[in-house]
Student: 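Mind looking over this structure? Questions follow.
Values in this document were obtained by computation on a predicted structure and should not be read as measured data. One-based numbering, in listed order, for ligands and for the atoms of each.
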Amino acid sequence: MTQKLFDDGELFEFEAVVISCEKVKKGYEIVLDKTAFFPEGGGQAGDIGLLSDAKVLDTQERQGVVYHLADKPLEAGAKVTGKIDRDTRLRRMQNHSGEHLIMGFIHKKYGYENVGFHLGASEVTLDLNGVISYDELLECERQANEAVAKDVKITISYPGDDELKTLSYRSKLENMQNIRIVTIEGIDVCACCAPHLSSTGKIGAVKVLAAESYKGGTRVHILCGLDACDEFEKRQSAVKEISRLLSAKPDKVADAVARLLKENGELRQKLSDIAAAQADSIIASLTNDGRGSFAVFTDTLDANTIRRIANEGVKLTDGMFGVFSASQGGYSYIIASSNVPLRAKSKEINASLSGKGGGSDAMIQGSVSADRQTIEDYFRAN
Ligand SMILES: [Zn+2]
C-alpha cells in the first residue's frame, strides 16, 4: 500500500523513497513509499508532474498501490522530490470542490443525487437523477457563489463505523471500508476519494454553463475557478467579434443577428421571385425550329428553376433539350428528353462537352466546361 498524502489537497511538493520501478509500454511505472499524486478515480484524471527530473504522465492505483507513469526510470531506494503540476491540479480541485458545493445546494433543495461525474480537460459534467430547470440551477449557482464569498471550510475525515451509521452523506456505498468523507461545513457531506481545496473561497467561482435532459434526469455542465474564467474569456472574445462585425453593443448582438436573419429571409424571397420571373420569360420565349435537339443558356439559376425550364422545353422536341446555367468555369446543366434514353447517353454527352453528371432516362444533370459554341454544335448534330 502506498501512503497517500493528498488529504492535504494543497500539498504540491513532497519527499519520498522509490520502492520499485518497472519498464512498461508507455514508460516506467514507479511506486513510492508515499505520494501526494492523486491516482485517477471518481471521475477525475490522475495527476501529472515531476518525480525529481522524471516527468509523471499519469497516475493510477491498483489494489492500494499508486503507480506513477514516468518518462524515465528512477532507481529503487533513491530519495526523490515529487512536484505536482500545480496549475492542472488546482483547476481540477476548483472544479471538483465547486461540484461538491453546488451539489450540496441541489441535494438540499431537490434531494437529487449525482449519479455520474466527469472532470475533463475542458468540461465538467454532473448527471442528476432528477429533472431540474436551468433557472433552478442558476439559483443553486448563486447560493454556491455566496458560499465562495463566505470562504467556508472544507475538511476530510474518516469516521468510524458507528458514526457512519448515523451520518447523513451523499454518494453512500454499502460495504465500503475506510470511507473518506469530504465536508463543506453546513452545506455538504459526501464520500469522495479526491483531493480538495481547504476552503470554498479558493474555488473562486461556480458557473453553470448548460443543462440538458439525460437518461430521465439532467446532465449539468459546469466550470469553476480559473477554468470558468478562461471559458468566460473565450465566449467574451467571440461576442466581441460578433459585436464588431454587426456594429452592435455586446449585450444587443442577439437582436442584431435576429434582424440580419430576417433581412436574409427577405432577400432570399426576393431572389427566388426574380428567378421565377426570369424562368417565366425564358419559358415564354422558348422556340424550336423543327423537332430537333436544342439548348438554351441562362444566367446563374438555382436547380429548381432550371428544372422548371427543362420541363417546358422538352415538350418542343423529339430529341434532347438542355438548359445551361452559367457557373464558375462553365455551366451547370439539366438535359431532358421524352425519347432519348439519357442515362445511357450521358457518358457520350459528358465526354463531348467535358462534363460530369448523370440521372434518369428522362433527365440528367451535372456540369460542363465546354464553351457555348461547342454545346450548340453538339445539340445541332444530335
Ligand atoms: Zn467528489
Side-chain angles (χ1 to χ4, degrees), residues 4-11 35-47 59-61 66 84 88-108 110-130 137 140-141 143-145 147-148 152-159 164 167-174 176-209 214 217-228:
K4 294 166 184 165
L5 307 174
F6 47 80
D7 276 355
D8 176 0
E10 290 155 34
L11 177 71
T35 187
F37 278 80
F38 173 68
E40 181 175 2
Q44 185 170 327
D47 276 335
T59 308
Q60 296 287 328
E61 179 177 0
V66 177
I84 290 162
T88 306
R89 164 69 93 75
L90 184 63
R91 285 169 186 262
R92 285 175 185 170
M93 289 196 296
Q94 285 184 321
N95 279 314
H96 201 142
S97 298
E99 181 262 335
H100 279 227
L101 181 58
I102 192 167
M103 249 337 279
F105 289 107
I106 293 170
H107 184 71
K108 204 177 277 185
Y110 301 96
Y112 297 152
E113 296 289 343
N114 177 354
V115 290
F117 176 55
H118 173 71
L119 203 169
S122 59
E123 119 166 326
V124 178
T125 58
L126 44 141
D127 300 333
L128 303 175
N129 61 354
L137 283 166
C140 296
E141 174 196 289
Q143 290 177 306
N145 284 309
V148 167
V152 182
K153 254 195 172 159
I154 304 176
T155 53
I156 309 287
S157 62
Y158 296 86
L164 274 177
L167 187 67
S168 154
Y169 63 98
R170 296 191 299 110
S171 288
K172 211 169 210 163
L173 289 171
E174 297 305 322
M176 278 277 287
Q177 300 219 311
N178 210 14
I179 288 180
R180 186 175 184 267
I181 295 290
V182 177
T183 305
I184 304 176
E185 270 175 22
I187 298 170
D188 187 53
V189 184
C190 182
C192 177
C193 59
H196 280 267
L197 293 161
S198 59
S199 68
T200 57
K202 294 173 181 174
I203 296 168
V206 178
K207 190 74 202 88
V208 173
L209 300 178
Y214 183 74
T218 312
R219 171 163 282 184
V220 186
H221 301 254
I222 63 165
L223 278 180
C224 305
L226 294 168
D227 280 353

Student: Verify the neighbour count for atom NZ of Lys153: are there more than 12 heavy atoms of other residues, nucleotides or ligands below 6.0 Å?
Tutor: no
Student: Please report the C-alpha distance between Ile106 and Leu137 in whole Å, then the side-chain angles of each, then the deciding distance to 0.1 Å, and finally whether the side-chain contact (heavy atoms from CB on, under 4.5 Å) criterion is met.
Tutor: CA-CA 8 Å; Ile106 293 170; Leu137 283 166; 3.8 Å; yes
Student: Please say which of His96, Glu99, His118 ends up in a side chain to side chain donor-acceptor pair (under 3.5 Å) with Gln44.
Tutor: His96
Student: For the backbone of His221 and the side chain of Thr125, can you confirm whether one donor and one acceptor N or O come within less than 3.5 Å of each other?
Tutor: no
Student: Assess the residue pair Lys108 and Asp188 against the criterion (salt bridge (charged side-chain N to carboxylate O under 4.0 Å, His left out)); give the C-alpha distance rounded to whole Å, side-chain angles, the decisive distance to 0.1 Å, and a yes or no.
Tutor: CA-CA 8 Å; Lys108 204 177 277 185; Asp188 187 53; over 6 Å; no
Student: Determine the sole option in Lys202, Arg92, His196 for which the side chain to side chain donor-acceptor pair (under 3.5 Å) test with Ser97 is passed.
Tutor: His196
Student: Keeping to distances under 2.8 Å, can you name the protein N/O/S atoms close to the Zn ion (ligand 1)?
Tutor: His96 NE2, His100 NE2, Cys192 SG
